[in-house]
Colleague: 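Let me give you the structure first, and then I'll get to my questions.
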Amino acid sequence: MDYRRNYIKHLLESQPKQSVSAYGWVKTRRDSKGVHFVQINDGSCFADLQVVIPDGAIAEDLIKRITVGACVRFEGDLVESPASGQRVELTAKHVEIFGDADPVSYPLQKKGASFEFLREISHLRVRGNTFGAVFRIRNELSWATHKFFHDRGFLYVHTPIISASDCEGAGAMFTVTTLDLENPPRKNEKVDFAQDFFARQAYLTVSGQLNVECFAQAFTNCYTFGPTFRAENSSTARHLAEFWMIEPEQAFCDLEGNINLAEEYLKYLIEHVLQNCAQDLAFFNQRIEPTVIETLEHVRESAFERITYTEAIKLLEQSGETFEYPVSWGCDLQSEHERYLTEKKIGKPVIVTDYPKQIKAFYMRMNDDEKTVRAMDVLVPRIGEIIGGSQREERHDVLLHRIREAGLPEEPYWWYLDLRKYGSAPHSGFGLGLERMLMYVTGMKNIRDVIPFYRVPGSAEF
Ligand code: 4AD
Ligand code: MG
């Protein structure tokens, strides 16, 4: 079995030819007057390959085993297809069955199963149409991300997953420990993490930002792209406990440069998906969200709106809407507020800047008003916040003051503060949640359906 064999995508694009093999999993089978029609898919593209088994071409005992879900190889001739919707089909002469699938118990047998049900069979759902399309687009977004940054001279850096500091200062972290949970060592009534594996309490990182900042102050432009972890107890359609984030960081860059990069990057991803994922996108447009292609085409062309937090609050106060969470200057923007701004009021992506310092992380650069910080959130219709970022506080004393003011322990941040002592550069960066972006470009409504195996409160199966 040669890895250079033809994938179904290639077969569907090729001219008729004799003696080819096609590998895949059976999607459907239909029988009519001794002739069998089988659709197989290998994940290489949305379309299935139609295999026609002429009467008597394959022994009956083998035919019986060609059931939905079975893993097979067909050998035969690729011929012009008389049916509409495909150029070629395979006239089968032989079949090899690698793995049977019991048609009675195979869980993907039923058409139209709900996404909730499919989440319970995450190990198999990837063989279906929707998830095939989701994960091909996810792959394209990842590849386009590397291409975008590489073409612009950004260094890709692998920041650690285990961390001793809380980047967002929100305290929503998972502890990583090898201590005996039944009987942990104690000192002054508290668990003594000095005796733990890392000789201190360590966590799964919530963001690679603090580490990527070190690299930006040596390589100027860099980015990290990896898994991040949040132990917040939010069971919403937009939150995961483990998600993937792309975080660029640039030295010699202020908030405006940062916003420009974010807008260019989002448009680049959209353009890439429109150019390279037409079949998959057509499916989402038809079956999941009828506005998805139109939205992407519109966003590609339009300039993102830019407003300050203070202006956003005014728009919300004047909106005449009744929000569940009341609005006043100083409040955090909730999903309902973000969606009003981007969906109803402005009708395209909006970048909100200069938030009150109380509702943003300690590392954001303080404005001269001493009330707001150089933060920026990118909000998009249907999703709300898709990017969060800022210009960073590069002044040592101001940063130290902010850490203290936020009630954070100073010790874990000593090296982060050091960056401000030695050759501190003005710098900025942001984080894009890969899954939120994937929801945006596919129209999928629940974030659990755009990550291979989701981790949320109460669930880490598979
Ligand atoms: O706004 P956040 O928390 O920003 C940071 O982590 C910064 N350190 C990024 C930076 O400046 N380098 O998260 C950034 C983005 C959000 O806008 C959202 O898209 C996504 O990460 N995100 C989540 N996605 C899924 N589930 C969650 N629980 C998420 N929390 C944030
Ligand atoms: Mg945020």
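For clarity, every value in this text was computed on a predicted model and none was experimentally measured. Both counts, for ligands and for their atoms, begin at 1 and track the order of listing.
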Colleague: So what's near the Mg ion (ligand 2), protein N, O or S atoms under 2.8 Å?
Modeller: Glu385 OE2
Colleague: Answer yes or no: is there a side-chain heavy-atom contact under 4.5 Å between Glu256 and Arg306?
Modeller: yes
Colleague: Measuring from atom NE2 of His337 to atom OG1 of Thr342, what distance do you get when rounded to the nearest 0.5 angstrom?
Modeller: 14.5 Å
Colleague: NZ of Lys344 to OG of Ser319: how many Å apart, nearest 0.5 Å?
Modeller: 8.5 Å
Colleague: Is any side-chain heavy atom of Phe304 closer than 4.5 Å to one of Val299?
Modeller: yes
Colleague: Per the side-chain hydrogen bond (donor to acceptor under 3.5 Å, both in side chains) rule, which among Thr372, Asn367, Thr308 passes with Asp354?
Modeller: Asn367
Colleague: Consider side-chain contact (heavy atoms from CB on, under 4.5 Å). Of Leu269, Thr291, Leu274, which one does Leu296 pass it with?
Modeller: Leu274
Colleague: Say whether Thr145 and Tyr268, considering side chains only, have a donor N or O and an acceptor N or O under 3.5 Å apart.
Modeller: no
Colleague: Apply salt bridge (Lys or Arg N to Asp or Glu O under 4.0 Å) to Glu289 and Lys445, showing your working.
Modeller: CA-CA 9 Å; Glu289 171 57 57; Lys445 308 283 182 299; 3.2 Å; yes
Colleague: Pairs under 3.5 angstrom, nitrogen or oxygen on both sides, ligand 1 versus protein: list them out, please.
Modeller:
residue	atom	partner	partner atom	Å
ligand 1	1 (O)	Glu385	OE2	3.0
ligand 1	3 (O)	Arg230	NH1	2.8
ligand 1	3 (O)	Arg230	NH2	3.3
ligand 1	6 (O)	Glu168	OE2	3.3
ligand 1	6 (O)	Arg230	NH2	2.9
ligand 1	8 (N)	Glu168	OE2	2.7
ligand 1	8 (N)	Ser207	OG	3.0
ligand 1	8 (N)	Gln209	OE1	2.7
ligand 1	8 (N)	Tyr363	OH	3.4
ligand 1	11 (O)	Gln209	OE1	3.3
ligand 1	11 (O)	Arg392	NH1	3.3
ligand 1	11 (O)	Arg392	NH2	2.9
ligand 1	12 (N)	Glu247	OE2	2.7
ligand 1	12 (N)	Arg392	NH2	3.4
ligand 1	12 (N)	Phe430	O	3.4
ligand 1	17 (O)	Glu385	OE2	2.6
ligand 1	17 (O)	Ile386	O	3.4
ligand 1	17 (O)	Ile387	N	3.4
ligand 1	17 (O)	Gly388	N	3.3
ligand 1	19 (O)	Ile386	O	2.8
ligand 1	19 (O)	Gly433	N	3.2
ligand 1	26 (N)	Leu240	N	2.9
ligand 1	28 (N)	Leu240	O	3.0

Colleague: Where does the angle between the aromatic ring planes of Phe46 and Phe283 fall among parallel (under 30°), tilted (30 to 60°) and perpendicular (over 60°)?
Modeller: tilted
